[in-house]
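Note that ligands are numbered from 1 as they come in the structure, with each ligand's atoms numbered from 1 the same way. By convention here, the first residue in the shown sequence is residue 1. All figures in this text were calculated on a predicted structure; none of them were measured in a lab.
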Amino acid sequence: MKALELKDVRFKYRGSDNWALDSVSLVVEKGEFITVLGCNGSGKSTICLLANGLVPHAIQGDFEGSVEIFEKPVMGRTVAEIATKVGIVFQEPESQLFCMSVEEEVAFGPENLAVPRHEIRERVEWALELVGMKGYNDRSPFSLSGGQKQRVAIAASLSMHPDMLVLDEPAYALDPIGRHDLYSVLRELKGKHGMTVILAERDAEEAAAFSDRIVIMNKGKVVDVGPPRDTLRNPDKLKRMGIQPPQLSEVASLLNARLSTSKYSFLTVDEAESTITREIIGRGGVVRK
Ligand SMILES: Nc1ncnc2c1ncn2[C@@H]1O[C@H](COP(=O)(O)OP(=O)(O)O)[C@@H](O)[C@H]1O
Ligand SMILES: [Mg+2]
């Protein structure tokens, strides 16, 4: 089943002269983990807003093309209805939490859906456990670190039992530990729960190893789509589009250049380490052409 299908989508925000997205076509299958990668202004947030109907329903502008969410056109559906299927987490942790306690925050969505009380409790416990925030029920969201807030925001989405989760640069404002914990949660969402995820990022350092596919955006267009191993192969090409390539892509690329080959690509440190040990150190530590 297709979770999201964009066909020839163009969108220009009201008052803007440029197309934020230009002829974008993209299919995300149910269960896929997609990272949308691009520099500032490349159109990532606009893709996120399309994936939950806020564009074109709530945010005005010129819109062309078609958007289907779980194989139903967004036209003729309401943002509220789509919100029961698609959860969204934004860049700034502060902008999305507004309740007095973590528990209320995570219960808010299902309460609005009139889910029975005992089931709400179960959902809250399940979601907090999943994001590693079990036991924080009574804490004020404002007393949490940025990373904890983002994980509560994810839990608040998950408690609605969405079919797809969209995260727009969720680690943007986080420190390294906050980032690490957040990506562990995302990895688990994919690995254990098979959730359909669209993650917008400016660099693929963290998500490369567990994304099914990477969508590379440049100036409102999709310029490349494919598995991380293919799309992150060429660090110079990424840099020309203002994208910081994963360090392991740079290592592989330098190794390829040094050995006049193109066969190396690394997604994990383990993979890089074992290949380098086997191919180079294992052969007497001499790098030969
Ligand atoms: N509310 C807005 N009004 C006018 N232009 C906007 C608005 N939001 C985004 N844009 C423009 O749309 C383009 C794509 O933006 P966006 O999707 O936010 O990119 P990204 O998330 O990759 O930074 C940019 O040129 C940006 O300036
Ligand atoms: Mg953005």
Open item on the list: If you scan the protein for heavy atoms around atom 27 (O) of ligand 1, do you find one that is closer than 4.0 Å?
Closed with: no

Task: Heavy-atom check, side chain of R151 versus side chain of L144, under 4.5 Å - done: no

TODO: May I ask whether N18 places a heavy atom under 4.0 Å from ligand 1?
DONE: no

Task: atom 2 (C) of ligand 1 protein-contacted (non-hydrogen atom, under 4.0 angstrom) - done: yes

TODO: Show which residues join F98 in its hydrophobic cluster (side-chain heavy-atom contacts under 4.5 Å, direct or indirect), or state none.
DONE: F108

Task: S25 (side chain) donor-acceptor with K7 (main chain) under 3.5 angstrom - done: no

TODO: Scan side-chain atoms only and decide if E273 and T277 contain a donor-acceptor pair under the 3.5 Å cut-off.
DONE: yes

TODO: Would you mind listing which atoms of ligand 1 come within a distance below 4.0 Å of any non-hydrogen atom of C39?
DONE: 22 (O)

TODO: Assess G15 for proximity to ligand 1: is some non-hydrogen atom of it under 4.0 Å away?
DONE: no

Task: Side chains of D168 and S45, donor plus acceptor under 3.5 Å - done: yes

Open item on the list: With the threshold set at under 4.0 angstrom, would you say G220 reaches ligand 1 through any of its heavy atoms?
Closed with: no

TODO: Under 4.0 Å, heavy atoms only, figure out whether ligand 1 is touched by the backbone of A200, its side chain, both or neither.
DONE: neither

Open item on the list: Please determine whether any non-hydrogen atom of G43 lies less than 4.0 Å from an atom of ligand 1.
Closed with: yes

- [ ] Look at E279 together with K263 and state whether they make a salt bridge at an N to O cut-off of under 4.0 Å.
- [x] yes

Open item on the list: Can you confirm whether M100 is buried at CE, in the sense that more than 12 heavy atoms of other residues, nucleotides or ligands lie under 6.0 Å from that atom?
Closed with: no

Please list every donor-acceptor pair under 3.5 Å in which a side-chain atom of residues 60-72 meets a protein atom from a residue at least two apart or in another chain.
{"from": "Q60", "atom 1": "OE1", "to": "R14", "atom 2": "NH1", "distance (Å)": "2.9"}
{"from": "E71", "atom 1": "OE2", "to": "K2", "atom 2": "N", "distance (Å)": "2.8"}

Open item on the list: Under a 4.0 Å threshold between the charged nitrogen and the carboxylate oxygen, would D22 count as salt-bridged to K221?
Closed with: yes

Open item on the list: Return the closest protein heavy atom for atom 17 (O) of ligand 1 as residue, atom name and distance.
Closed with: T46 OG1, 2.5 Å

TODO: Would you mind finding which of S45, G41, S42 brings a heavy atom closest to atom 23 (O) of ligand 1?
DONE: G41

- [ ] Applying salt bridge (Lys or Arg N to Asp or Glu O under 4.0 Å) between D212 and each of R229, K30, K190, report the one that passes.
- [x] K190

Task: Contacting atoms of ligand 1, where contact means under 4.0 angstrom from a heavy atom of N40 - done: 23 (O)

TODO: Tell me how many protein N, O or S atoms are closer than 2.8 Å to the Mg ion (ligand 2).
DONE: 1

Task: Nearest non-hydrogen protein atom, atom 9 (C) of ligand 1 - done: Y13 CE1, 3.4 Å

Open item on the list: For R121, is the CZ atom crowded, meaning more than 12 foreign heavy atoms sit under 6.0 Å from it?
Closed with: no

Task: Protein residue, atom and distance nearest to atom 12 (O) of ligand 1, heavy-atom basis - done: A20 CB, 3.2 Å

Task: N or O pair under 3.5 Å between K44 and ligand 1 - done: yes

Task: salt bridge (charged side-chain N to carboxylate O under 4.0 Å, His left out) involving K12 - partner list, sequence neighbours excluded - done: none

Open item on the list: Pairing donors with acceptors under 3.5 angstrom, does anything connect the side chains of E125 and N137?
Closed with: yes

